[in-house]
Every structure is written in C-alpha cells, then in structure tokens.
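Each residue takes its place number in the sequence, starting with 1. These numbers were taken from a predicted model, which means no experiment stands behind them.
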Amino acid sequence: MRCQKCGAQIPDGKIFCEKCGSAIQMVPDYNPEEDFTIGSEDHRAEEETKETVRPWWYRYRYGLLGLCLVLAGTLGYQAAYYYTAKQAETAAEPEEPVFLERPQFSVQPGTYDYSPLLTISHKEKAQGEIYYTTDGTTPDRGSRLYEGAISIGEGTTVIRAVFIRYDSVYSEEAVGTYHVAFDYPDEPVFSVPAGSYDHSFSVALTTEEGCKIYYTTNGEEPGYDSKLYRGPIYISSGLTVLQAVAVDEDGGMSGIVEAIYDVTQPYVPPAEESPPALEEDVVIP
C-alpha cells in the first residue's frame, strides 16, 4: 500500500506513513462519477433487455404516429373539400323543371300531295290549353290557341305545340314538319284557239280523265263556284273572254287557261215567221 499523500510505500501493519507521517485511510474516498457510471451501465443493460422483448415498431413509434397524423389530416382535408365543392355545385345547379307529356298529332310529319287536316290532342286537355305556332318559333301563352283542326297548305310547314296546364305547368314540346306538294291536273285544252273570227262557233274543252272543268265568259277567274263544263260553249258575235280551270278528285286545281275571241259577224235579224194558214171551214151538210 502506498501513502495517498506522498506516495511512499507503507509496510503492512502500519497505519501511518513513516515518510510524511500521514494516517492511512482504510476506506477509499467516495467518487460520485463511479456511481453515475455504474448506474448508467445498469440502466443501459436494463434498456437493452427491454429492447429484446418490445415489438419492432416500438422503436419507430413516434415516426409512425407522425405519419398517421399526416394521413389523417390529408384525408380529412380531402373529405371537407369534396363536401364543400359538392354543396356549392348543388347550390349552383338549378333544379330541372318537370314537364308533362307532349301533345299528340293526328297526322304524322312527312310529305303529302294534298292538304291534310291536323288535330292536336292531350290527355289532360280538360285541365289546360294547347298553344301552337306554324313558323317554327317556340310556342307559349302568347301563341295561337288551338281551337280546331289545322289545314296544312302547300309548301313546308313546321308546327310546334305545347300543352299548358292551368297551374302554369308546361308539357314537353311536340314538333312536326310537313311538306305538301300538290299533284296538279293538266290545264284544259280549247278546241278553238283565241283570235278574231267573222262568224260564231262553239268551243269544246278537254282535260285529263277524272277531272272537272269550271269556266267563265265574263273575264272573272274561274273556281269551284263557276259554271261546270258539260258540253261545247257557243261563242256569239262580239268580244268573249273564255277562262277555264281543271279540278281533280282531291280538289287539286290546275292553272287557269284563257282565250279571247273577237267575233265580227254582221248582225242578221231573224226572219219573220209567217202566221200559220187557217184551215178552211168545213161545212157539214
């Protein structure tokens, strides 16, 4: 053992240093660093023991917790954004109006060689009115009120109709396009051409089979109310304007044909007729 003060060797059994006279300390001085080191080693050994029994994720628990918080925040933000956008979209879009069934046309759209009569109906007719247009514009309460069958004339006609209930509920719109092209009969043919003549004559009129001929001799245009041709027409002296038109079985009318006749036949008064001879009196004996 050495002296803790001067470092001299102290023989066994001695309790003081012969060189410096210092007493020998039998119990070593307390060193707190040694206790700290010993405690740290014990704590480290304990932690290493715990590391062997804890699950693998325990070491990364704080990182995993942070990742879960980030994911939860992202999902929450997306859900809130989707809900807000959906609410805004719903509020911006107006509700689609509810329409009743469209009116029904009695004549299908198409091409015809006669004037069809179109009727428009609706199953709730007693609860509202039908309005229509013939120029292709959208019908409403300011359009024509349907009150009876519509005669579709020659050419192209676009009919649009809508039913409006008394509580202002509209139906869907019915649309029909009609093309009418008449098959006109041939014009009548005069047997005597127009011109000047020095004597009276008769004019025969002909047309295609199944047609009637109407005519006038006073300069007015012929029609359904004019004279019906039944036989040759006598043209007397003077100026005569003969006009005629042919009408087929469907009412189709041809163009009007005209001929002007100027007859200069001199006037010859009719011969006086002699009175009948009187029979002689018969005397009966």
Within-4.5 Å side-chain heavy-atom neighbours: S106 and L118: yes
Side-chain donor/acceptor of Y114 to backbone N/O of G251, under 3.5 Å: no
R165 atom CZ: more than 12 heavy-atom contacts under 6.0 Å: yes
Results of side-chain contact (heavy atoms from CB on, under 4.5 Å) for Y197 - residues two or more places apart only: V192, P193, F201, Y261, V263
By side-chain contact (heavy atoms from CB on, under 4.5 Å) - contacts of S171 (at least two apart): L100, P103, H122, V162, F163
hydrophobic_cluster_shared for Y146 and I159, side chain cutoff 4.5 Å: yes
Partner residues of T111 under the side-chain contact (heavy atoms from CB on, under 4.5 Å) criterion, sequence neighbours left out: H179
I120-V180 co-clustered via ILVMFWY side chain contacts under 4.5 Å: yes
Distance in Å, D262 CG paired with D198 CG, rounded so as to fall on 0.5 Å steps: 11.0 Å
More than 12 heavy atoms from other groups under 6.0 Å of CG on D225: no
Taking every non-hydrogen atom, the tightest pair across P185 and A246: CG-O, 3.6 Å
Short side-chain to backbone donor-acceptor contact, T207 and K212, under 3.5 Å: no
Path from Y112 to Y184 over hydrophobic side-chain contacts below 4.5 Å: yes
Whether over 12 other heavy atoms sit under 6.0 Å from Y77 OH: no
Enclosure of K227 NZ (heavy-atom neighbours >12, cutoff 6.0 Å): no
Pairwise distance CZ(R141) to OG(S168) - rounded to 0.5 angstrom: 4.5 Å
Spacing of D248 atom CG and D113 atom CG [to the nearest 0.5 Å]: 9.0 Å
Minimum side-chain heavy-atom gap D140-Y131 below 4.5 Å: no
Partners meeting side-chain contact (heavy atoms from CB on, under 4.5 Å) with S151 (sequence neighbours left out): S115, L117
Joint cluster assignment, Y224 & L228, ILVMFWY side-chain distance < 4.5 Å: yes
Set of residues satisfying salt bridge (charged side-chain N to carboxylate O under 4.0 Å, His left out) with respect to E208, sequence neighbours excluded: none
Single-linkage hydrophobic cluster Y214~L205, side-chain heavy atoms < 4.5 angstrom: no
Nearest-0.5 Å distance that lies between atom OG in S202 and atom CD1 in I235: 7.5 Å
M253 and V247, any side-chain heavy atoms less than 4.5 Å apart: yes
Interatomic distance, I233 atom CD1 to L242 atom CG [nearest 0.5 angstrom]: 5.0 Å
Between CD on residue E147 and OH on residue Y132, distance to nearest 0.5 Å: 8.0 Å
Donor-acceptor under 3.5 Å (Y178 side chain, V107 main chain): yes
CD (E101) with more than 12 external heavy atoms under 6.0 Å: no
Test item: P222 and I256 side chains (from C-beta on) under 4.5 Å apart, heavy atoms: yes
Donor-acceptor contact present, side-chain R160 to main-chain G136, <3.5 Å: yes
Heavy-atom closest pair, residues I130 and S121: CD1-C, 3.9 Å
Pair listing, side-chain hydrogen bond (donor to acceptor under 3.5 Å, both in side chains) test, anchored in residues 230-247, at least two apart: S200-Y234
